[in-house]
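Okay, so here's the structure we're looking at.
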Amino acid sequence: MAKAAIFLSAGSAEEVTRLGLKIYLNGKYVDVRNAKISIFDHGVLYGDGVFEGIRAYKGCIFRLKQHLERLYASAKYIMLKIPLTLGQMTDVVVNTCRMNKIKDGYIRLVVTRGPGTLGLAPWLCTKPTIFVIADRIKLYPEEFYKNGLSIITVPTLRNLPETTSPRVKSLNYLNNILAKIEAHNSGVQEALMLNQRGYVVECSGENIFIVKGSTLYTPPVYLGALKGITRDCIIEIATHLGFRVIEEPFTRFDVFDADECFLTGTAAEGIPVVKVDNRIIGNGRPGKITKLLIKKYREITSTDGVMIYS
Ligand code: PMP
């Protein structure tokens, strides 16, 4: 069985330190070695916080506005007031990229409830912690794009929409982490997650699409998926190209019966899936429509975004 690869790492702690990275931390740009937060930070103690993963391409930050809007919406849901305006946060992200001379890279923006007591009480946390890391990105190996991924359905279900909304991009990623471990333990790269009714929801870090004929299907977010920004972009591209895109619940039956399947996410972009639960999807090769959409997505990412360097 193929060994699951480790990818998407922005570098080990040592590599990052060696790079002399500048981190935005609570109003200051500090060397990565001095970027320290309190062990009483509720982001650490309870996963109480929200985050975004954003990409820069050719000196432009892709869909920054959408990422920031999702961050503020996530924060609002958990009743965390971010002490910066959207405009100020835009400047912080752009400046962090500039300070690290990022042209093509990955940005991690985190807002936690901040330091507090050992109890849960978020109202005793006086000041949210904000940090931004802008670094180079190690992409998924090209072979995954060329040959497609093998994924499996994992036993861990996606968190129910009736619990903390899965639409919140919160620091509580254990649901996804367990799913990722289960996939890794089975020697594949990604985990297909279902909800409690057996509907396909998404993968541990990407949304999912299937293609049947010239129609694309993706699960509606109310089933428990994150409203992916790449997902939205792919829907726009596909619609613009004249494909029908239907957001409706479907099951593994529909996945096995699909002609094509692919995943979408900021880090992965679009990535074909050729095997699910050891069953071959379509003809076992990345599909034509999948390849076209990935190509168009890549064209858009390099021509659209907030400029880092003016
Ligand atoms: N679902 C989950 C659970 C995610 O964490 C992500 C982001 N990594 C996505 C979907 C894809 O979202 P986006 O396209 O906004 O990166």
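Please read all numbers here as calculations on a predicted model, not as lab measurements. Atoms considered below: every heavy atom in the structure, side chains included; atoms not considered: hydrogens, waters and symmetry mates. Numbering of residues begins at 1 and proceeds along the displayed sequence.
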Q. Between Asn159 and Thr164, does a side chain to side chain contact (heavy atoms under 4.5 Å, CB included) hold up when you go through it step by step?
A. CA-CA 8 Å; Asn159 282 337; Thr164 308; over 6 Å; no
(Q) Looking at every non-hydrogen atom in both residues, tell me the closest pair between Asp48 and Pro122 and how far apart they are. (A) OD2-CB, 4.1 Å
Q.
Quick one, Arg279 and Val255 - any side-chain contact, counting heavy atoms below 4.5 Å?
A. no
Q) Is there side-chain contact between Arg231 and Thr218, with at least one heavy-atom pair below 4.5 Å? A) yes
Q) Is the side chain of Lys169 donor-acceptor paired with the backbone N or O of Pro166 at a distance under 3.5 Å, no angle test? A) no
Q: Indicate whether the side chain of Thr153 and that of Arg252 have a donor and an acceptor atom separated by less than 3.5 Å.
A: yes
**Q.** Joint hydrophobic cluster, Ile308 plus Val92, side-chain heavy atoms closer than 4.5 Å
**A.** yes
Q.
With a 4.5 Å cut-off on side-chain heavy-atom distances among I, L, V, M, F, W and Y, is there a chain of contacts connecting Leu292 to Ile300?
A. yes
Q) Given Ile152 and Leu192, is the side chain to side chain contact (heavy atoms under 4.5 Å, CB included) satisfied, shown in steps? A) CA-CA 6 Å; Ile152 57 154; Leu192 180 60; over 6 Å; no
Q | Value rounded to 0.5 Å, distance of CG in Asn278 from OG in Ser150 | A | 6.0 Å
Q. Taking C-beta and beyond as the side chain, do Leu71 and His67 meet within less than 4.5 Å on heavy atoms?
A. no
Q: Report yes if some heavy atom in the side chain of Ile130 is under 4.5 Å from a heavy atom in the side chain of Met89; otherwise report no.
A: yes
Q | Shared hydrophobic cluster for Ile102 and Leu25 (ILVMFWY, side-chain gaps under 4.5 Å) | A | no
**Q.** Inter-residue atom distance Asn283.CG - Lys288.NZ, 0.5 Å rounding
**A.** 9.5 Å
Q. Please walk me through it: do Lys65 and Glu69 pass salt bridge (Lys or Arg N to Asp or Glu O under 4.0 Å)?
A. CA-CA 6 Å; Lys65 184 166 175 278; Glu69 282 171 358; 3.1 Å; yes
Q: Mind running salt bridge (Lys or Arg N to Asp or Glu O under 4.0 Å) on Lys58 and Glu299 for me, showing each step along the way?
A: CA-CA 11 Å; Lys58 296 190 176 167; Glu299 282 168 20; over 6 Å; no
Q.
Could you check whether Phe262 and Tyr145 have their ring centres less than 6.0 Å apart?
A. no
Q. To the nearest 0.5 Å, what is the distance between CG (Asp254) and OG1 (Thr251)?
A. 4.5 Å
Q: Could you check if a side-chain atom of Thr129 sits within less than 4.5 angstrom of a side-chain atom of Phe131, using non-hydrogen atoms only?
A: yes
Q | Hphob cluster co-occupancy, Leu84 + Val110, side-chain heavy atoms under 4.5 angstrom | A | no
Q. Out of curiosity, Glu202 CD to Arg158 CZ, how far, rounded to the nearest 0.5 Å?
A. 4.0 Å
Q. Taking a hydrophobic cluster as the set of Ile, Leu, Val, Met, Phe, Trp and Tyr residues connected by side-chain heavy atoms closer than 4.5 Å, whether directly or through intermediates, do Leu64 and Val50 fall within one such cluster?
A. yes
Q. Which heavy-atom pair separates Ile151 from Cys203 by the least distance, and what is that distance?
A. CD1-SG, 4.2 Å
**Q.** Min side-chain heavy-atom separation Thr301-Arg55 under 4.5 Å
**A.** no
Q.
Are Glu190 and Ser204 packed together at the side-chain level, in the sense that at least one heavy-atom pair is separated by less than 4.5 angstrom?
A. yes
(Q) Working to the nearest 0.5 angstrom, can you tell me the gap between Ile82 CD1 and Leu68 CG? (A) 8.5 Å
Q. Does a side chain donor of either Thr156 or Glu182 reach within less than 3.5 Å of an acceptor in the other side chain?
A. yes
Q | Nearest heavy-atom neighbours spanning Tyr29 and Asp91 | A | OH-O, 4.4 Å
Q | Interatomic distance, Leu241 atom CG to Leu293 atom CG [nearest 0.5 angstrom] | A | 6.5 Å
Q.
I'd like to check Phe62 versus Ser302 (side-chain heavy atoms, cut-off strictly below 4.5 Å). Are they in contact?
A. no
Q) Do side-chain atoms of Glu269 reach the backbone of Ile294 as a donor and acceptor pair under 3.5 angstrom? A) no
Q: Could you give me the CA-CA distance, side-chain angles and deciding distance for Val200 and Ile208, then say whether side chain to side chain contact (heavy atoms under 4.5 Å, CB included) is met?
A: CA-CA 9 Å; Val200 169; Ile208 184 165; 3.8 Å; yes
